[in-house]
Amino acid sequence: MDTLTPMLRQYQEIKARHDNSILFFRLGDFYEMFGDDARRASSILDVVLTSRDAGKSGRIPMCGIPYHASEAYISKLIKAGLKVAICEQVEDPALAKGIVKREVIRVVTSGTYIDEASFESRYLIAINFTDKLSALAFTDTASGTIQTNEYATLQSLVEAISKIPVYECIYPQAQETQVKEIFKHPLLRAKNITLSPFEDWCFTSDIAKTSLKEHFHTHTLRGFGIEDMPLAISASGALLEYLKQMHKQPIRHLHKIALYADAEHAFISPAACYGLELEGLLAAIDHTLTSLGKRKLKEWLYHPLKSKEEIIKRQRAVTLLRENPHVCQELGKLLQNTPDIEKSISRISCGTGSARDLMALRLTLLKQPDIEKTLRALKSENGLFHLEDVPQIRGLLAKAISPTIPLSHPEGNIIAQGYHEELDGLRDIRENGKNWLKNLQEQEIKRTGIHSLKIGYNQVFGYYIEISKSNLTRVPQDYIRRQTLTNGERYITPELKEFEEKILTAEGKILQIERRLIEEIFKIILDSSEKLSVFSSCLARLHSLYSLGILSVTSGYSLPEINDGFVIDIKDGRHPVVEKSISEPFIANDTLLDTDTNHLIILTGPNMAGKSTYIRQTAILVILAQMGSYIPSTSASIGIVDKIFTRIGAHDEITKGQSTFMVEMSETAGILNNLSERSLVILDEIGRGTSTFDGLSLAWAISEFLAKRKVRALFATHFHELTALSEEFPGVKNCNVSVKEWNDEIIFLHKIVPGGTDDSYGIYVAKLAGIPKEVVKRAEGILTRLELSGNLQEKITNRLPAENQLLLFTRDKNSIAEEIKNEINDLDINALTPIQALNTLHTLKKKIESNEP
Ligand SMILES: Nc1ncnc2c1ncn2[C@@H]1O[C@H](COP(=O)(O)OP(=O)(O)OP(=O)(O)O)[C@@H](O)[C@H]1O
Ligand SMILES: [Mg+2]
């Protein structure tokens, strides 16, 4: 290290404290990276890798990026899974003795990064666990709340994590091994979460409690409902500590801890979120105009309501907007182009607030009165239309922040004219210096009567008044001589000196005063961050309601009736996403489910008929209804659902690496173990990932279980044998999707009709998909033989062992093999000519081919 240049020695010292981050080392107008950092970053960022003289130890790899464009580079590194420590010069280079002092001012990590490009939340979570209990705490950089809860099993912890858009997870270093194990779970593996071990002491519950109480200025945590949850407290405390350490700031916008209460919402299992393609559904129903609104709508979709009153309250608000299209339109205009103020508030709180954030807040807050006025036209008492007002901050920003900040060079132009007298004066000088001098010149000419009096400027003496020789007698007393020329004298006056002082320092002072004022404003904003956060969540809610209002006027949408009963009765329901994506008309279908005589629908039907579409559509319409939305149907009545489970095949793709069947069965186990009487279960082809007999037996047993529990369930299956269940259980109903056979062709009618079916038409679909003719033909042959070989359904209903079935095929094959074996045994190889040998081989091959099933 001694052989390094002093600057690189400073670099090494700082780097040693941040060895798990890429260190951005500020050098003039650049952030430089050295050594391994430079090697890694240059390839990710696509910048040139050079090297720098490192003193006696030779040269060291280096690359750099201009500081003013750093955001884009930071974003790339974060998305590549790295952390970035930003090291700034913390003293004025002009005043520094020796090497300029440098410090890391913040560390950007995956979970603390505020992503401008995406509307999504980026959550950071902390987890902690003991033998008996586990806890998580999480926060989104853009919201002001830490949410936390404890879980009795690791499985529930995993499920909770899998439902949150987590980017980074911190945990006690000592639990590294267990944590790595947990994140191998199929539900988490695909999420690519950055794992950041964190100091164990931060997870000590006493320390955590003290630091939380300090942060929230409270004596107890009782008000947050987590006083008696030491593990949740420790996770929350560690989370806060981590944020403080990364941002090197007190994170003032975090203003509360809330119990992560999933109890208020219908639970959509993680597999269901995926299987029902909620992401695509969101895109199909989204009419929000900003990221703030879109985040809220997504939250509503993933967290449907469970209380009848609350759903109806939302429905009423949406209906009111639907019935007042002018108001709705006006509201849309006002909400449009509102910036993401949640992100602005948190940036200010994390010490990275900028002119843009102040402008965003100003612009948004100023809309408040207009939005309020627009909503008043609805004459509604509905609390959902409430918009929190923050008049002081609004007034302050309206007065203090300039409405037109040039964002390319905001410095010195952020504070509005008329807010600060001294600043106005300085700007005046900066902008009107010439005018002022002209005025002074005129004034002095008048005062002295010297018409040739001139004001000028030079580098050495600054501003001066020049008087020619012939007029020297008329020079006033207060003029101070500075310089003698051949044909005159140059003077200054206190007034001119003061002006000079002012104009030369104006720019510096403008920046200084402005910085001070902005700091003050930031502080006032943070003092009100709680109210501001209420304001922004009201705004987001209005936006979401607006979006549902627009959706409600889509043709063919109706308002479902919501009740506390158990009947789901949908007339002419349609799948909102499939309906949009196909060119031919979508065939509407009814759904009737209850917990009495119609609770398990066994849906059979050919491939491509629309089974999956239909069963998913039912779940999707229930979710939409419970989020307060209108739904694609002519009418519907929904008995509230509290949990939605699905087991849908498509899930396999994202869980590569784990056996398909294993995933299927563990998901199914999750469903069966967590059912409640209000659940809705959607099963798509359970049991297809194993041998037919295993699969069928499992599907049968699972259906029986559901049938006995009288849970509302839809089961799409190719096991026609299951239709026999309806004979045993009166609540089980068979339905199938009708098709029409016509001239060797099959027409899919997509209509759900009562009764089971035997036909699969799988081979027909294969033909449609372009499978070669010879393969299709061969498959048809095989199918015929299989169909002749016995009736599986009979075997199951009569509880006969299925082994006989297997013997049917095997005996056949074996007898041919036996025959051929004997023939070969009888051959005298020495007596055969080559031609004879070939012929014999040919005959044997023929025999095998003609006997193959
Ligand atoms: N009600 C409907 N109206 C119009 N088209 C539909 C309808 N339902 C489904 N379809 C069309 O049929 C296609 C296949 O539907 P789906 O995947 O639901 O069939 P499936 O019966 O589950 O087939 P498989 O047995 O192969 O899984 C859909 O992609 C859609 O284009
Ligand atoms: Mg299907």
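Here the structure is a predicted model, which is why all the values come from computation and not from measurement. Just follow the structure's listing: the first ligand is 1, and inside any ligand the first atom is 1.
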Handout entry: Minimum side-chain heavy-atom gap Leu600-Leu714 below 4.5 Å
Key = no
Exercise for the section: Could you check if a side-chain atom of Leu603 sits within less than 4.5 angstrom of a side-chain atom of Val737, using non-hydrogen atoms only? Expected result: yes
Handout entry: Ligand-side contact atoms (ligand 1) for residue partner Thr613, heavy atom cut-off under 4.0 Å
Key = 8 (N), 9 (C), 15 (O), 16 (P), 18 (O)
Handout entry: Within-shell test, His718 vs ligand 1, heavy atom, strictly < 4.0 Å
Key = yes
Practice task
Evaluate whether atom CD of Glu774 has more than 12 neighbouring non-hydrogen atoms of other residues, nucleotides or ligands under 6.0 angstrom away.
Solution key: no
Handout entry: Selected option - heavy-atom contact closest to atom 5 (N) of ligand 1, from His750, Arg574, Gln617
Key = His750
Problem - Presence of N, O or S from Thr613 under 2.8 Å of the Mg ion (ligand 2) - result: no
Exercise for the section: Check His575 against ligand 1 and report side chain, backbone, both or neither, counting heavy atoms closer than 4.0 Å. Expected result: neither
Handout entry: Nearest neighbour in protein (non-hydrogen) for atom 19 (O) of ligand 1
Key = Gly610 N, 3.1 Å
Handout entry: Ile602 side chain near Phe719 side chain, heavy-atom distance below 4.5 Å
Key = no
Fill in the blank from the handout: atom 14 (C) of ligand 1: closest protein heavy atom, distance to 0.1 Å, is Met608 O, 3.8 Å
Problem - Nearest protein heavy atom with distance in Å, relative to atom 26 (O) of ligand 1 - result: Asn607 ND2, 3.1 Å
Handout entry: Min side-chain heavy-atom separation Leu305-Ile640 under 4.5 Å
Key = no
Problem - Exercise check, heavy-atom protein proximity under 4.0 Å to atom 29 (O) of ligand 1 - result: no
Exercise for the section: Report yes or no: does Arg574 contribute a side-chain atom to a donor-acceptor pair with the main-chain N or O of Gly556 at less than 3.5 Å? Expected result: yes
Practice task
Return yes or no for this condition: an N or O of Ile587 is under 3.5 Å from an N or O of ligand 1.
Solution key: yes
Exercise for the section: Please verify whether a non-hydrogen atom of Ala609 lies at under 4.0 Å from ligand 1. Expected result: yes
Handout entry: For atom 20 (P) of ligand 1, the protein heavy atom that lies nearest, with its residue and separation
Key = Lys611 N, 3.5 Å
Handout entry: Protein residue, atom and distance nearest to atom 22 (O) of ligand 1, heavy-atom basis
Key = Ser612 OG, 2.7 Å
Handout entry: Student check: side-chain heavy atoms of Ser629 and Trp300 closer than 4.5 Å
Key = no
Problem - Part of Pro606 within contact of ligand 1 (heavy atoms, under 4.0 Å) - result: backbone
Completion exercise
The answer for which part of Glu685 has a heavy atom under 4.0 Å from ligand 1 is side chain
Practice task
Would you check the N or O atoms of Phe586, main chain and side chain alike, for any that come under 3.5 Å of an N or O of ligand 1?
Solution key: no
Problem - Heavy atoms from other residues, nucleotides or ligands near CZ of Arg678 exceed 12 (cutoff 6.0 Å) - result: yes
Problem - N or O pair under 3.5 Å between Val578 and ligand 1 - result: no
Exercise for the section: Could you point out which residue of Lys643, Arg712, Arg709 forms a side chain to side chain contact (heavy atoms under 4.5 Å, CB included) with Ser679? Expected result: Lys643
Exercise for the section: Report yes if some heavy atom in the side chain of Glu677 is under 4.5 Å from a heavy atom in the side chain of Phe566; otherwise report no. Expected result: yes
Practice task
Answer whether the closest heavy-atom distance between the side chains of Leu297 and Met627 falls below 4.5 Å.
Solution key: yes
Handout entry: ligand 1 versus Ile582: contacting region, heavy-atom distance under 4.0 Å
Key = side chain
